[in-house]
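Below is one structure, written out as structure tokens, with a few remarks after it.
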Amino acid sequence: MEAIRWDHGALYLLDQTRLPTTEYWLRYTEYRAVARAIRAMVVRGAPAIGITAGYAMVLAAQENACKEDFLAGMAQAKQMLADSRPTAVNLFWALERMEQCWLAHGPDLNKLEAEARAIHQEDIQMNTAIGSAGAELLPTGASILTHCNAGTLATGGYGTALGVIRTGCAQGKVSMVYAGETRPLLQGARLTAFELSRENIPVTLICDNMAGTLMSQGKIDLVIVGCDRMAANGDFANKIGTYSLAILARYHQIPFYTALPSSTIDMTIPDGGHIPVELRAGNEVASFAGVPTGPEGVQTWNPAFDVTPHELLTAVITEQGVLYPPFDRSLVQHFQKV
Ligand code: MRU
């Protein structure tokens, strides 16, 4: 399974808004449409939107290569993509990396395409390394709770939290994965349960509000989630509901992990209070698939992410290995190695 393809100068995205019922690929040759696709969550997940933005900048270069104001056109495209979603830092990280490339080489389409492909390939490699590092933490017969989708569909391939689960499964260590449905957009139900059952990884779908009861019955050994942006002290943003799970895990003394590539760490911000949290449209809460789930005109509040304080984290699983508290120190050491 994959979510992003680049072929003969065009970008292809698997439309994740239609999963799990329809597998439909969309073709993009124009960066503005890609920015709209990121906003509409045709493609989603922190590393995946970074990779997509990288390819979108190749599309922008194709459009601007012969223009006198190449740099202005590229800056405009970069800004439009940066405005698509605010929380996942991978988006900004990938745009910066692409910008270094066009500033160094100008409108060299081969160089830009190679850079976008490198961002994509490196993400897959980081995910497999995260999988190996994280699998070491799993007990035999592990029963794992995850939230949202941090799998192949959210990355260049293999996944971060689901990468750990994939590797653990290949090692025969995983007995069950519980996937929280992840209201309001149901990434856990539509994407994680789909991705895992495709590979015959044992998965049980639960509503988000069942996690506490599951833990109280001793059915969860550990929680692993992905991450959209980690601050320098280890506070991290992930899909709304992650914070509640971290508190539940602490109460029940269950290890709580996040898995992420270095491209998700933002050392420029000291703590989670500086992470911009995306607020999305209220109709995502008050309806689903066009069907109302609340009374007409009801007030809504729809933050797409929450911030989990680092005190609730047992460890951080990266492509370089596992980081332990104090995270302000282990994150600095991590970047000395990268
Ligand atoms: O709103 P989404 O679906 O883009 O949110 C995705 C998540 O919160 C993931 O857990 C996160 O991006 C990590 S993906 C490896």
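None of the values given here were measured: they were computed from a predicted structure. Numbers here are sequence positions counted from 1. When a ligand or atom number is given, it counts from 1 through the structure's own listing order.
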Any idea which part of [X] is under 4.0 Å from ligand 1, heavy-atom wise: side chain, backbone, both or neither?
X      : answer
His147 : neither
Ala46  : both
Thr155 : side chain

When you measure from the heavy atoms of [X] to every atom of ligand 1, does any distance fall below 4.0 Å?
X      : answer
Pro47  : yes
Cys148 : yes
Asn149 : yes

Notebook entry, point to check: Under 4.5 Å between any side-chain heavy atoms of Met267 and Val332, yes or no?
Noted result: yes
Margin query: If we check side chain to side chain donor-acceptor pair (under 3.5 Å) with Asn149, which of these qualifies: Gln16, Gln187, Arg44?
Written below: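 Among the candidates, only Arg44 passes.
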For ligand 1, which atoms, with element, lie under 4.0 Å from some heavy atom of [X]?
X      : result
Met41  : 1 (O), 2 (P), 3 (O)
Thr160 : 15 (C)
Gln187 : 1 (O), 2 (P), 3 (O)
Ala150 : 14 (S), 15 (C)
Arg85  : 1 (O), 2 (P), 4 (O)
Asn238 : 7 (C), 8 (O), 9 (C), 10 (O), 11 (C)

Note to self: Please give me the minimum heavy-atom distance between Leu145 and Gly180, naming the atom from each residue.
What the structure shows: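 Closest heavy-atom pair between Leu145 and Gly180: CD1-N, 4.4 Å.
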Note to self: Just to confirm my output: which protein heavy-atom neighbour is closest to atom 14 (S) of ligand 1, and how far is it?
What the structure shows: Ala154 CB, 3.5 Å
Note to self: For atom 7 (C) of ligand 1, what's the nearest protein heavy-atom neighbour? Residue, atom name and distance, please.
What the structure shows: Asp228 OD1, 3.3 Å
Would you say [X] has more than 12 foreign heavy atoms packed within less than 6.0 Å of its [atom1]?
X      : atom1 : result
Tyr251 : OH    : no
Tyr24  : OH    : no
Glu2   : CD    : yes

Next item on the list: Ignoring hydrogens, just give me the one of Arg44, Arg280, Lys239, Arg229 whose non-hydrogen atom is nearest atom 3 (O) of ligand 1.
Entry: Arg44
Counting only N and O atoms by type, is there a donor-acceptor contact under 3.5 Å from the side chain of [X] to the main-chain atoms of [Y]?
X      : Y      : answer
Thr264 : Asp228 : no
His252 : Leu248 : yes
Thr17  : Asp15  : no
Arg229 : Thr87  : yes

